[in-house]
Amino acid sequence: MTTLSKESPVTTHRLYMAPMKGFTDCVFRQAYAQHFRGFDLAIAPFIASKRDCPVRRRHVRDVWPENNTRLVVMPQILSKVATDFAAMANFLYDMGYDTVNWNLGCPSPMVASKKRGSGLLPHTDRIDAFLEDVLASMQGRLSLKLRLGWETSAEIQRLLPVLNRYPLKEVIIHPRTGRQAYEGRVDLDAFEACLATIEHPVVYNGDIRSLEDFKQVSGRFAGVSQWMIGRGFLTDPFLPHIIRTGQDRIEGRRLKLQQFHETLFHAYAERLKGPSHLLKKMKGLWRYLALSFEPFDKTLKKMKKSTKSEKYLGVVNRFFETEARLIRKN
Ligand SMILES: Cc1cc2nc3c(=O)[nH]c(=O)nc-3n(C[C@H](O)[C@H](O)[C@H](O)COP(=O)(O)O)c2cc1C
């Protein structure tokens, strides 16, 4: 059995925490890193660039260094306007961030219909012009996070030769299209085709939910050494540690999850105004975390129906102490 305090890094792979807007904010990242190990870096959920006003400190509160003391963070910017992007990137550079990530993956129709996020992927010429302008005016380095395209993977094949002309830090690829959002299968053949063309370091991202998944994907793509995990670690917060050590037996899993939950609850209670915000945030977490346990529908319903913080905490703590059965046996 391993314990989290005795980490033995079996793998030299680098693991990235995926940006998950609504979930992995700085409060979450701090609480997570207090209880779990395994990630080398977190990409923060996107911050939209500012159109008609200068960037202010309050716009980038999620990445204030004092709010991010436990985990190395890279800020992410959502933008289609080079001057706005560069203004924010330079503001973040002055704050100490030597690399920022450009979001070219967001599939939300609200975002994509305005040619932002994955909605920009069919427009190779616009991306080309954006990179030309941004890289001429921003300090620091640029990392990209993108999908295969908005409609089809032909889009990324058109785009990669353009990306190869620019000095990018890395390209993170989630092998789905924007239209797919998070449905259907990841297209590993299309990802493999990208590897044949791309000249930048690549980070793979998509559907790594277990050590087995990691072994399969890292076995197939032996040239890749950087991996990003999102929903998989929200469901099983031990996953990065399990991947890093190569074995999935961990002592006291239930108690560790309970302690993490407790830390997060109190950290959000300090930050958020009023119990309804707090409970909304905490209940959201169970969308993923619940999948770690044998079904507990009745209790889950009780958690979701709680409108008072004490009631909610009582239900959750009783769950952890009595009913909770992790799907993975240990
Ligand atoms: C609720 C939610 C919020 C997300 N927020 C962001 C975001 O802010 N920026 C981004 O680049 N990707 C975002 N993503 C995409 C994830 O970073 C990741 O690419 C996706 O979940 C696939 O990885 P996974 O299969 O490991 O979860 C989000 C995904 C979800 C489900």
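Both counts, for ligands and for their atoms, begin at 1 and track the order of listing.
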task: Verify the neighbour count for atom NE2 of H266: are there more than 12 heavy atoms of other residues, nucleotides or ligands below 6.0 Å?
output: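 Count over threshold, so yes.
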
With heavy atoms of [X] as the reference, note each atom of ligand 1 found under 4.0 Å away.
X    : answer
I229 : 26 (O)
P45  : 8 (O)
D207 : 24 (P), 25 (O), 26 (O)
R231 : 21 (O), 24 (P), 25 (O), 26 (O), 27 (O)
A18  : 17 (O)

task: Give a yes or no on whether the ring-centroid distance for F91 and H59 is below 6.0 angstrom.
output: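 So the answer is no for these two rings.
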
message: Please report whether the ring centroid of H261 lies less than 6.0 Å from that of Y312.
response: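 That pair passes the under 6.0 Å test.
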
message: Would a single hydrophobic cluster contain both Y204 and L41, if residues Ile, Leu, Val, Met, Phe, Trp and Tyr are joined by side-chain heavy-atom contacts under 4.5 Å?
response: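 No, no single cluster joins them.
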
[atom]: the protein heavy-atom neighbour that sits closest, reported with distance to 0.1 Å:
atom                    : value
atom 26 (O) of ligand 1 : G230 N, 2.8 Å
atom 1 (C) of ligand 1  : F23 CE1, 3.6 Å
atom 2 (C) of ligand 1  : M20 CE, 4.1 Å
atom 9 (N) of ligand 1  : Q76 OE1, 2.8 Å
atom 29 (C) of ligand 1 : Y182 OH, 3.0 Å
atom 17 (O) of ligand 1 : P19 O, 2.7 Å
atom 3 (C) of ligand 1  : K21 N, 3.2 Å
atom 31 (C) of ligand 1 : Y288 OH, 3.6 Å

Carboxylate-amine/guanidinium proximity below 4.0 Å for [X] and [Y]:
X    : Y    : result
E155 : R147 : no
D248 : R253 : no
D62  : R29  : yes
D236 : R209 : no

Below 3.5 angstrom, do we get any N/O pair linking [X] and ligand 1?
X    : answer
N205 : yes
H174 : no
R287 : no
K145 : yes

field: Minimum-distance pair of heavy atoms, taken over all atoms of I172 and S143
entry: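 For I172 and S143, the tightest heavy-atom pair comes out as CD1-OG, 4.1 Å.
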
- request: Might you work through the side-chain hydrogen bond (donor to acceptor under 3.5 Å, both in side chains) test for N67 and Q30, ending with a clear yes or no?
  value: CA-CA 8 Å; N67 290 346; Q30 288 285 88; over 6 Å; no

- prompt: Is L120 close to W102 at the side-chain level, that is, under 4.5 Å between some pair of heavy atoms?
  reply: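 In contact.
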
query: Which of the listed options, F46, F233, W102, holds the heavy atom that is closest to atom 8 (O) of ligand 1?
result: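 Result: the heavy atom closest to atom 8 (O) of ligand 1 is in F46.
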
message: Against ligand 1, does G22 come closer than 4.0 Å with any heavy atom?
response: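 Not so, G22 does not reach ligand 1.
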
query: Do K80's NZ or CZ and the ring of F130 fall within the cation-pi criteria of under 6.0 Å and 45°?
result: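 Not flagged: K80 not positioned over aromatic ring of F130.
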
